[in-house]
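Only one structure is covered here, and it is reproduced in the block below.
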Amino acid sequence: MTQFEPPRMGEPYLLTPGPLTTAYEVKEAMLRDWGSWDGDFRAMTASLRAQLLGLLGDAATEYDCVPLQGSGSYCVEAMLGSFVPKDGKVLVLANGAYGLRAAKTMDYLGRACHLLDKGDYLPPRGAEVAAILANDPAITHVLAIHCETSSGILNPVEEIAEATFAAGRKLLIDSMSAFGAVEIDVAKVPFQALVSSANKCIEGVPGFGFVLARKEEIAASKGNSHSLSLDIHAQWDYMEKSGQWRFTPPTHAVAAFLKALEMHAEEGGVKGRGARYTRNRDVMVAGMRALGFETLLEDRWLSPIIVTFFNPADPKFDFTRFYDLMKAQGFIIYPGKLTVVDSFRVGCIGRMDEHVMTRVVAAAKSALDTMGVASAAPPAAALEERKKLAA
Ligand SMILES: *Cc1c(COP(=O)(O)O)cnc(C)c1O
């Protein structure tokens, strides 16, 4: 495989789950202005929608793609507000910050919500979903987080989908940090709607997100939305009629995204992208484990997106110092988001390959040496915490 060029002008690699390190060509695609109304830009919008649908494979004909200005959370809010009727009720499956944010969004919307909060990282399982749905006929929708980026866990969406459809309910998916790198089989997971954004696995720059939803569901969602700017039906209807976005589109981000989609296709689409991220993860995790670091999650739950490591027990370890030492060597890592034990995260996504990951591990070793940390082994309490996964 090609050795990826490092970011230019001394930029550090972003080992963060978005914004992330983008290709030079993607940045270069932004060096031109586009008129949002002009036919050239309308063709770009049409191409973007068609290419994203293409990533769904054969099922694409039943779905449509609606891009929307804003960050990923805007799209989550738009999806919940547009597809859940005002008298609907959502079972939100949370095991981290993004699930909790979705539940909070339901509060803002003033629509009914049942929150299953599994804590920092335990996966919501199909049987639990089935039991909750059997007990509460008012629930109309289930919201699943595909990869919960706050721990890096890849949630079991297939068994969640099975339980949801067996109970005759609809499935909404926040696949923000997974779409484009983790395959989703629409035959097994026939979701009503799914959201993702430009600056995650497709490796574009921030500025917009997109909803993939069943055509008949989009058509039926008219009048549900609480918000003018977040109304998926209105955005779709206008785009279908005019080829334009309703309000000022992020033209440069769209141009960059089209370049990113081209590079995604060249790499072999979802399979190719997923394979590179998986190698990134495997090389990085093996190297970090050799230094004594331990992952929060057992291998079966590790996503190829981002990995959480426990902070070492050694009192000489100081995360702020570690962060600065990593940055000085060209790598931006990510603080952890666990509530019980201290941790940090290393992303595997963005324009980088396993050779870069080998250097990440070498940088971590050098940082530990500088701090005088002999072993990166975590405290006993962290390993106790991890036992919960096996229970
Ligand atoms: C990135 C992300 C979001 C959206 O976050 P924004 O900061 O609004 O872009 C939502 N859900 C998940 C799982 C994410 O990884």
Side-chain angles (χ1 to χ4, degrees), residues 14-22 67-81 90 92-106 108-109 115-124 142-157 160 171-182 184 189 191 193-212 227 229-230 232 250 253 256-257 260 273-274 277 281 296-297 301-308 332-338 345-350:
L14 301 182
L15 303 170
T16 54
L20 37 64
T21 294
T22 57
L68 188 76
Q69 298 93 329
S71 85
S73 301
Y74 290 57
C75 286
V76 174
E77 185 164 342
M79 172 173 76
L80 291 169
V90 181
V92 172
L93 306 176
N95 53 345
Y98 292 105
L100 295 177
R101 188 181 296 173
K104 195 170 177 184
T105 306
M106 292 304 294
Y108 269 82
L109 295 182
L115 172 64
L116 173 67
D117 183 0
K118 300 283 299 194
D120 279 346
Y121 58 88
L122 295 178
V142 174
L143 175 86
I145 310 291
H146 196 176
C147 170
E148 177 46 83
T149 322
S150 46
S151 66
I153 188 169
L154 198 56
N155 280 319
V157 283
I160 291 167
L171 182 64
L172 303 172
I173 303 178
D174 170 354
S175 187
M176 208 69 65
S177 63
F179 186 78
V182 179
I184 187 146
V189 185
F191 54 84
L194 170 155
V195 283
S196 184
S197 73
N199 59 285
K200 303 242 170 162
C201 297
I202 310 287
E203 300 185 357
V205 303
F208 68 96
F210 49 90
V211 181
L212 297 169
S227 159
S229 55
L230 298 178
I232 300 289
F257 192 72
R273 184 62 49 99
Y277 290 171
R281 176 199 64 198
L296 162 73
L297 301 172
W301 298 110
L302 283 183
S303 67
I305 309 301
I306 188 166
V307 179
T308 299
I332 301 274
I333 58 170
Y334 215 47
K337 261 192 184 167
L338 305 184
R345 292 175 288 169
V346 181
C348 311
I349 65 179

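Counting starts at 1 for both ligands and their atoms, in listed order.
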Practice task
Could you please spell out the steps behind the side-chain contact (heavy atoms from CB on, under 4.5 Å) verdict for Tyr277 and Cys201?
Solution key: CA-CA 9 Å; Tyr277 290 171; Cys201 297; 3.9 Å; yes

Problem - ligand 1 contacted by Glu148 (non-hydrogen, < 4.0 Å) - result: no

Exercise for the section: Check if Cys147 has a non-hydrogen atom at a distance under 4.0 Å from any atom of ligand 1. Expected result: yes

Handout entry: For Ser177, atoms of ligand 1 separated by under 4.0 Å from a heavy atom
Key = 15 (O)

Problem - Sub-4.0 Å atoms of ligand 1 with respect to non-hydrogen atoms of Thr149 - result: 12 (C), 13 (C), 14 (C), 15 (O)

Exercise for the section: Starting from atom 2 (C) of ligand 1, find the nearest protein heavy-atom neighbour and note its residue, name and distance. Expected result: Lys200 NZ, 2.6 Å

Handout entry: Met176 side chain reached by Val76 side chain, heavy atoms, under 4.5 Å
Key = yes

Fill in the blank from the handout: Near Ser73 (heavy-atom distance under 4.0 Å), the atoms of ligand 1 are 4 (C), 5 (O), 6 (P), 8 (O)

Practice task
Ignoring angles and geometry beyond distance, decide whether Tyr74 reaches within less than 3.5 Å of ligand 1 through its nitrogen or oxygen atoms.
Solution key: no

Fill in the blank from the handout: the protein heavy atom lying closest to atom 6 (P) of ligand 1 turns out to be Ser71 OG, 3.5 Å

Exercise for the section: Mind telling me whether Phe210 and Phe257 have parallel, tilted or perpendicular rings, with 30° and 60° as the class edges? Expected result: tilted

Exercise for the section: Identify, by atom number and element, the atoms of ligand 1 in contact range of Gly72, meaning under 4.0 Å from any of its heavy atoms. Expected result: 4 (C), 6 (P), 8 (O), 9 (O)

Handout entry: Trp301 side chain near Glu148 side chain, heavy-atom distance below 4.5 Å
Key = no

Exercise for the section: Quick one: do Asp120 and Ser151 satisfy side-chain contact (heavy atoms from CB on, under 4.5 Å)? Show the steps, please. Expected result: CA-CA 7 Å; Asp120 279 346; Ser151 66; over 6 Å; no

Problem - Expected output: side-chain Thr22 to main-chain Val205 donor-acceptor under 3.5 Å - result: no

Practice task
Determine whether Thr308 and Leu297 make a side-chain contact, defined as any pair of heavy atoms from C-beta on separated by less than 4.5 Å.
Solution key: no

Handout entry: Any Asp174 heavy atom less than 4.0 Å to ligand 1
Key = yes

Problem - Whether Ser150 side chain and Ala97 backbone form a donor-acceptor pair below 3.5 Å - result: yes

Exercise for the section: State the atoms of ligand 1, each with its element, that fall below the 4.0 Å cut-off from a heavy-atom position in Arg101. Expected result: 5 (O), 8 (O)

